[in-house]
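Chain identifiers are assigned alphabetically (A, B, ...) following the order of the sequence lines, protein sequences preceding nucleic acid strands; residue numbering begins at 1 within each chain. A quick note: this is a predicted structure, and the numbers were derived from the prediction, not measured.
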Amino acid sequence: MNQYKEMVAVAIAAHVPEIDMRDISTMIETPPEAHMGDYAFPCFRLAKTMRKSPQLIAEDLSNKITYPDIFEKCMNEGAYVNFFFNRKKLAEEMIDQVLAEKEFFGSSKEGNGKIICIDYSAPNIAKPFHVGHLRSTVIGNALYKIYSHLGYTCIGINHLGDWGTQFGKVIVAYRNWGDAKAIEKEPIQSLLDLYVKFHEEAEDNPVLEDEAREWFTKMEKGDEEALSLWKWFSTETIKELEKIYALLGVKFDYYTGESFYNDKMEPVLRDLADKNLLTESQGATMIDLEAYGMPPCLVQKSDGSTLYATRDITAAIYRKNTYDFFKCLYLTDYSQKLHFAQWFKVIELMGFEWHLDLLHLPFGRVTHEGRRIQTRKGTVVLLDEVLNGAIDRVKEIIEEKNPNLENKLETAVAVGVGAVVFNDLSNNRIKDISFSWETAFSFEGETGPYVQYTHARACSVLRKASEAAIGQSNHLDGQFLTDDISYEVIRQIEQFGDSIVDAKNKNEPSILTRHIIDLAQAFNRFYHDHPVLNAEPKQRNARLALVAAVKETLSTGLSLLGIQAPEKM
RNA sequence: GCGGCAUUAGCUCAAUCGGAUAGAGUACCUGACUUCGAAUCAGUUGGUUGCAGGUUCGAGUCCUGCAUGCCGCGCCA
């Protein structure tokens, strides 16, 4: 917990013995408006036990309380006890801290020794990577960085959809209508064409579906032809996927897709049988979950081949045994909620205590022009097109605004991709996103480029200050940063660490995204109203130090979201 | 049919375990570049928080019912 909040809680606890210290900590709030102070303690809940009006309690407390000198005063307003920072001291403390800790600002050791497995992205082999797949990838990537910042050891796993009946379909299609050269040239597109063709043909000829299931069964049994085709399809697809991940700057520790567990499922099925959890129904094998209000969880089809849930259960057990994770996070859209609830329950029924450490983090779906994005229909928006479109648009803007920029292409990639990623990370996970080209290509207001621009602007001031090379004392006098506008920037920096912890607690990167927007807004206001380079020497020093602290904080924040922070753009 | 999620300004979204006057961006209109980067800043306009009840000091937030939308419900993943 935030050290200042802790101080407030301690100060209050000294006078409110009837409430536990930990409860007091959780009651401390940040007031909605700056004039109400920096931290507040609401007294409503004390009214009953203390048999006094909340206003009186607040008044009484504010008169009695003693607090450390980082605070300047505490006074009640209505039923709240409001604490005000000593602005000069806080400015000096925060800036010193940011400049000393640099990219480690806001980090902590709370997660030391704890392992977090994060299962994200997980696209299907042989299908195009569209804007709908972006969310899992960027949310997972941001959580990876946020947890790491807080001391956890993260293991990023790309649980590729590289196994299952769909491969039987592609194999059947390839054997009937495929062209090897086309696949080498444009793997994802050609494989998709085959997949689409399969479904068209299967409508008139349902026998194809049976053939597809047979081929998948052959894969599971180790048939050489089936496996060599599968291997080829998946290698070609991964090559394409890696280009996109490179553009996004996303990395994984392991590409262990579903196929990785092919030889690990049998012992799990045996264990399930030993624990008397399996029932047979119409030839298939399943775990009955009626007692828990859920439909059964199928683990084996009537032909003996396995299903998605079988592989997920096996993967979870493998990960627990291999990494001994503290938590294992799964990033998928909410249409899979029941699936996860079912197999989490199976893990529990198997007697594994750690079922509580499995966390499905569902997110909303992406639609385009009111329709869901479907690979088989014509409604697909390819991520590749979106990213490159954004990059091209940024190139145009650079030509217009900053034609002499060096590294134009590199910068356009950082900003264009940053815009798309930032946009995806700025809404609550659970909300559906309506994709629009207009929003994806907007770079003003609450956008990634706005924050990047603010950062570049700060860099520019610092560059000029150093070019001017005026030899002044580095002593920072916080007195020059106590006006409302400067102070608001300090306040945002002070809350940076809290927003990271909050984002982690709720597994919600948008909390951090919104916070760095607030910081950038506060800084732009400061920048506009307060000249830095031409200020009086002492004031100049103080303002430059603030600019440096903001630059550092923004760049750290963006990096935790997986977004680059170019020094010029 | 059963279950889950969502609904806040014209649009896209915030709102700290229930807390202070529901806030931003965008769009529209107005103003600020010979001055540290105008991808910026300032201002104006914009609300019966889907509807009806309930719980209490206090409800966008919790409960009940209803409406609308999305998602899911045995051999896909």
Side-chain angles (χ1 to χ4, degrees), chain A residues 26-33 36 40 42 44-45 47-48 53-54 77-80 82 122 124 161 163-166 169 213 258 281-286 293-303 305-309 311-312 332-339 341-342 362 364-365 367 372 394 397-398 400-402 415 419 423 426-428 430-434 436 438-439 442-447 449-454 456-465 468 495 498-499 502 510-511 514 517-518 521 524-525 527-535 543-544 547 568-569:
Chain A
T26 62
M27 287 166 76
I28 310 289
E29 307 169 357
T30 304
E33 301 206 27
M36 297 166 173
F44 303 99
R45 265 178 256 175
K48 263 183 194 160
S53 82
E77 191 173 328
Y80 291 86
N82 292 332
N124 289 324
W163 204 247
T165 310
Q166 73 212 27
K169 294 178 182 177
R213 278 191 282 270
E258 295 184 53
S281 167
Q282 298 161 28
T285 311
M286 58 179 224
M294 288 187 279
C297 179
L298 264 78
V299 291
Q300 247 180 332
K301 295 192 267 193
S302 43
D303 67 359
S305 61
T306 63
L307 288 145
Y308 187 40
R311 296 187 280 278
D312 267 344
T332 80
D333 77 65
Y334 57 59
S335 69
Q336 298 193 32
K337 271 179 89 165
L338 177 60
H339 163 73
Q342 284 177 302
R365 296 159 62 91
T367 56
R372 53 183 289 195
V394 172
I397 296 175
I398 290 175
E400 182 190 319
K401 296 181 189 281
N402 199 357
V415 176
N423 178 244
S426 46
N427 295 349
N428 280 344
I430 202 67
K431 296 282 180 84
D432 285 335
I433 288 187
S434 168
S436 91
E438 201 185 329
T439 310
S442 75
F443 308 126
E444 289 168 18
E446 295 172 336
T447 65
Y450 172 84
V451 178
Q452 288 171 318
Y453 175 79
T454 310
R457 197 181 215 190
C459 289
S460 169
V461 175
L462 295 170
R463 230 172 8 245
K464 294 208 163 121
Q495 286 172 5
D498 281 1
S499 81
D502 205 16
S510 67
I511 292 171
R514 307 208 80 88
I517 290 174
D518 291 343
Q521 283 175 338
N524 280 322
R525 224 166 287 139
Y527 178 90
H528 187 262
D529 285 4
H530 296 327
V532 177
L533 297 175
N534 297 326
R543 288 180 177 169
L544 270 175
V547 173
K568 295 179 183 174
M569 61 187 268

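Mapping A/Pro531 and A/Leu338 onto RNA chain B by nearest heavy atom places A/Pro531 closer to the 5' end of the strand. The residue among A/Glu446 and A/Phe44 whose nearest nucleotide of RNA chain B is located toward the 5' end is A/Phe44.
Contact annotation for A/Gly78: no contact, since no heavy-atom pair falls under 4.0 Å across all strands. A/Pro295 comes within 4.0 angstrom of the backbone, heavy atoms only, and of no base. Residue contacts shown for A/Pro31 include a base, since a base heavy atom lies under 4.0 Å away. Among the atoms of the strands shown, none is found under 4.0 Å from any heavy atom of A/Val547.
Base orientation at B/rG10 is anti, since its O4'-C1' glycosidic dihedral falls outside 90° of 0.
Within a 6.0 Å sphere centred on CD of A/Gln282, other residues, nucleotides and ligands contribute 12 heavy atoms or fewer.
Only the P atoms considered, B/rC57 is 26 Å distant from B/rC51, to the nearest whole Å. A gap of 27 Å separates the P atoms of B/rU30 and B/rG23, to the nearest Å. Separating the C1' atom of B/rG25 from that of B/rG46 is a span of 13 Å, rounded to the nearest Å. The same atom, P, is picked in B/rC13 and in B/rA59; the two are 28 Å apart, to the nearest Å. Here the separation of B/rU26 from B/rU68, taken at their C1' atoms, is 26 Å to the nearest Å. Nucleotides B/rA27 and B/rC11 are separated by 8 Å at their C1' atoms, to the nearest Å. Annotation: B/rG10 and B/rG3 have their C1' atoms spaced 35 Å apart (nearest Å). Across B/rU64 and B/rC70, the matching P atoms stand 24 Å from one another, rounded to whole Å.
Taking the six-membered ring where the residue is Trp, A/Tyr80 and A/Phe44 present perpendicular rings, their angle passing 60° and hence far from 30°.
Atom OH of A/Tyr308 sits about 3.5 Å away from atom CD of A/Gln336, to the nearest 0.5 Å. In this structure, the separation between CZ on A/Arg45 and CE on A/Met27 is 4.5 Å, given to the nearest 0.5 Å. Here the straight-line distance linking atom CD1 of A/Ile511 with atom CG of A/Asn428 works out to 7.5 Å at 0.5 Å rounding. In this structure, A/Thr30 OG1 and A/Gln495 CD are separated by 4.5 Å, a value rounded to the nearest 0.5 Å. Annotation: the span from A/Gln521 atom CD to A/Ile517 atom CD1 amounts to 7.0 Å, rounded to 0.5 Å.
For the salt bridge (Lys or Arg N to Asp or Glu O under 4.0 Å) test, no residue two or more places apart in sequence or in another chain qualifies with A/Asp529.
First and last contacting nucleotides of RNA chain B toward chain A (any atom under 4.0 angstrom from a heavy atom, 5' to 3' order): B/rG4 to B/rA77.
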- What dot-bracket string describes RNA chain B from 5' to 3', counting Watson-Crick and G-U wobble pairs whose defining distances are under 3.5 Å, with [ ] for crossing pairs and | for pairs to another strand? (((((((..((((.....[...))))..((((.......))))......(((((..]....))))))))))))....

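With a 4.5 Å cut-off on side-chain heavy atoms, A/Asn427 and A/Ser510 do not count as touching.
Looking at A/Ser305 and A/Arg213, their side chains never bring a donor and an acceptor atom within 3.5 Å of each other.
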